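Notes for the one structure printed next.
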Number of protein chains: 2
Amino acid sequence: MRFPKLFERLATLAPLPPEEWVKAEAVAKEQALEKRELFLRPGDAADRFAVVLQGVFRGVRVSPRGGESIKAFRAEGELIGAYAEMLQRRPSMTAIEALEPSRVLVFQARDFQTLEQGHVCWERLARRVAEQHFLLKERREQEFLELSAEERLVNFWEEHPHLKGRIPQRDVAAYLGITEVGLSRIVSRRRKRTPA
Amino acid sequence: MRFPKLFERLATLAPLPPEEWVKAEAVAKEQALEKRELFLRPGDAADRFAVVLQGVFRGVRVSPRGGESIKAFRAEGELIGAYAEMLQRRPSMTAIEALEPSRVLVFQARDFQTLEQGHVCWERLARRVAEQHFLLKERREQEFLELSAEERLVNFWEEHPHLKGRIPQRDVAAYLGITEVGLSRIVSRRRKRTPA
DNA sequence: CCTGCGCCTTAACCCAGGTCAAGCCAGGGT
DNA sequence: ACCCTGGCTTGACCTGGGTTAAGGCGCAGG
């Protein structure tokens, strides 16, 4: 077993026999990415995903009008991949970019399907993953429905303290659905109110 | 088999043997709701869900500050229930209310668990459901990130033409994340631009 | 028939955040 | 030392939508 810590983490989502994990490791490949390098680019087939071993990624959607918005940040232990497009078997609409020099453990979707056919545990895990992703999106929906940009910012840092200092402010803005300029104003407003 | 059409619909999501469906029907109960009646109220245990046979429902979240926002509308053939809370085994934070006299087919979560243990098909179905819910939320996230309220409105009617005339405008506003007043302005603005 | 209620509209005013444009600052390359 | 370049800030101005409050309209009940 090359990645026992990863195994433990996944096993918290759904029961996962160690021997199955060993099979998974056998088909997975490690990949290193430099800062700014893309794990996935828009238009690519969404046929692979990965677990982050080291580093931070951003999932960027470039809208038809050219605006960039950020769907998620992903750090150590989390999954990267164009999940929605994979489910729909469509080409990726998103870019996934390393914000730091990073290492990931890559799985091909078809290899994973083979694992699924070999043991139900993988199917259960996939279900858990779907449910977790749903919960994340639902929380975000809630924030857009009830909170101002400033409140969303506060929430963001409460929920992702480990990203502090690792992501540029403009990306936080694109994640919150506002502009770089808007975010800068919010931050300076708060600085004035709390001169601490 | 009491509801063959429902069976067909579910079977499009994941393979589902008819005999399993018969078992499911055996534990399901039909329930009729009047207009304004609640299928679920905030604070209730999220231990049941249902398929809409007839009518329309709205999922309302009452925020701490008292604002109402609408998470979803659900019509014939769709699922109602506090899905997020069920996954987390928490009491419901949402109310689910009939907007018309309605009929639903109710399942207890524990009965469904029994079905899952009896045959993998239910687990696969549950996975598909989770994935579909994820896709819906992701689409909505996208809209909040890239679109103005007016564009979201247009999208809404394109995606839910069957709801036309069945839901009050204020609810559409609460779904879009704006106020009744704001929506009214948007609508009249558009009327002027397209005097059709 | 009037009354009240539910739902929608309109108007006046306000403010958060967008847009455009001009800097600022730090770090890297030459 | 120089100048880029990338990332952040600031200012002036504009606009979409919030807030409050005042009607309007249709319909159910008395």
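Predicted, not measured: the structure shown is a model, and the values here were computed from it. No hydrogens, no waters, no symmetry mates; every other heavy atom, side chains included, goes into these values. The sequence lines fix the lettering, A, B, ..., with proteins before strands; numbering per chain opens at 1.
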How many whole angstroms separate atom [atom1] of [X] from atom [atom2] of [N]?
X: A/Phe144; N: C/dA16; atom1: CZ; atom2: P; answer: 19 Å
X: B/Lys35; N: D/dC27; atom1: NZ; atom2: C1'; answer: 12 Å
X: A/Ile186; N: D/dT10; atom1: CD1; atom2: P; answer: 14 Å
X: A/Lys192; N: C/dA16; atom1: NZ; atom2: C1'; answer: 15 Å
X: B/Glu146; N: C/dG18; atom1: CD; atom2: C1'; answer: 16 Å
X: A/Glu151; N: C/dA16; atom1: CD; atom2: P; answer: 12 Å
X: B/Leu147; N: C/dG18; atom1: CG; atom2: P; answer: 14 Å
X: B/Leu183; N: C/dT10; atom1: CG; atom2: P; answer: 12 Å

Task: Sugar-phosphate only, base, or nothing, as touched by B/Val187 at under 4.0 Å among non-hydrogen atoms - done: nothing
- For B/Arg36, answer base if it contacts any base atom (sugar-phosphate contacts may also be present), sugar-phosphate if it contacts only those atoms, and nothing otherwise; contact means non-hydrogen atoms under 4.0 Å. nothing
### Verdict with supporting geometry, B/Arg140 and B/Glu143, salt bridge (charged side-chain N to carboxylate O under 4.0 Å, His left out)
CA-CA 5 Å; B/Arg140 206 144 131 72; B/Glu143 295 186 348; 5.6 Å; no
Closest to the side chain of B/Val181, out of C/dA11, C/dG17, D/dT10, is C/dA11
Ranking C/dG17, C/dT10, C/dC20 by distance to the side chain of B/Arg191, first place goes to C/dT10
Are the side chain of [X] and the backbone N or O of [Y] linked by a donor-acceptor pair below 3.5 Å?
X: A/Arg152; Y: A/Leu176; value: yes
X: B/Arg103; Y: B/Gln54; value: no
X: A/Gln169; Y: A/Leu183; value: no

Note: contacts of residues 160-180 of chain B with DNA chain D (heavy atom, under 4.0 Å) are B/Gly177, B/Ile178, B/Thr179
Next on the checklist: Does the plane of the ring in B/Phe49 sit parallel, tilted or perpendicular to the ring in B/Phe112? Use 30° and 60° as the thresholds.
Outcome noted: perpendicular
At less than 3.5 Å, do the side-chain atoms of A/Arg185 and the base atoms of C/dG18 form a donor-acceptor pair?
yes
Practice task
May I ask you to check if B/Arg48 and B/Phe39 form a cation-pi contact, with NZ or CZ under 6.0 angstrom from the six-membered ring centre and within 45° of the axis?
Solution key: yes
Going by heavy atoms in the side chains, are A/Ser69 and A/Ser63 under 4.5 Å from each other?
no
Item checked: OP1 or OP2 of C/dT10 under 4.0 Å from side-chain N/O of B/Ser188 -> yes
